[in-house]
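Treat the numbers as computed from the prediction; the structure is a model and nothing was measured. Numbers for residues simply follow the sequence, beginning at 1.
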Amino acid sequence: MGIIIKPVVTEKQTSITEKFPNRFAFKVSPDANKIEIKNAVEAIYKVTVVDVNTLNYSGKRKGRYTKSGYIVGKTSAFKKAVVTLKEGETIDLFSNI
């Protein structure tokens, strides 16, 4: 499994990217550190990374009512990395679609 799992494309992250055009977020491997994340982003997207911020999200408990009763489950825990690129550089996440 690689270090970068997938880019985060949500409404909140899109508004952050519009405000700061050189900032992107990725879902990353939970045991990856900032140096490994920086090297992986630079290798995949051919850009210069200035800063990496990481956030650990814990899984949340969720429940729902079904015919057979109340079912309790849990969402997955994950790690997110917010990467700041060199001024003027950008990543086109939708070029392969």
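Tracing side-chain contacts under 4.5 Å through hydrophobic residues (I, L, V, M, F, W, Y), one never reaches I16 starting from F78; they form parts of separate clusters. Both L93 and V41 are members of a single hydrophobic cluster when ILVMFWY side chains are connected at heavy-atom separations under 4.5 Å. Residues V9 and F24 share a hydrophobic cluster, clusters being chains of Ile/Leu/Val/Met/Phe/Trp/Tyr side chains in contact below 4.5 Å. Residues L55 and I37 fall into different hydrophobic clusters, defined by Ile, Leu, Val, Met, Phe, Trp and Tyr side chains chained together at heavy-atom separations under 4.5 Å. Taking hydrophobic clusters as Ile, Leu, Val, Met, Phe, Trp and Tyr residues chained together by side-chain heavy-atom distances below 4.5 Å, I44 shares a cluster with F94.
No more than 12 heavy atoms of other residues, nucleotides or ligands sit less than 6.0 Å from atom CD1 of I35. Enclosure of atom OH in Y70 by more than 12 non-hydrogen atoms of other residues, nucleotides or ligands within 6.0 angstrom is indicated.
Legend: residues meeting side chain to side chain donor-acceptor pair (under 3.5 Å) with T10, ordered by chain and number and at least two apart, are absent.
S29 and G2 get closest at one heavy-atom pair: CB-O, 4.0 Å. Across P7 and F26, no two heavy atoms sit closer than the pair CA-CD2, 3.7 Å. The two atoms that bring D31 and E36 nearest to each other are O-OE1, 4.1 Å, heavy atoms only. Smallest separation of non-hydrogen atoms from K62 and T75: CE-CG2, 3.8 Å. Counting all heavy atoms, side chain and backbone alike, Q13 lies closest to V8 at CG-O, 3.6 Å. The minimum heavy-atom distance linking P21 with T90 is given by the pair O-OG1, 4.1 Å.
Between the E42 side chain and the N39 main chain, no donor and acceptor come within less than 3.5 Å of each other. Within the 3.5 Å criterion, the main-chain N or O of A32 finds a donor-acceptor partner in the side chain of K79.
Residue V47 forms a side-chain contact (heavy atoms from CB on, under 4.5 Å) with just one option from N22, V83, L85, and that option is L85.
In this structure, NZ in K38 is found 8.5 Å from OG1 in T48, a value given to the nearest 0.5 Å. Here CG of N33 is found 9.0 Å from OG1 of T54. Values are rounded to the nearest 0.5 Å.
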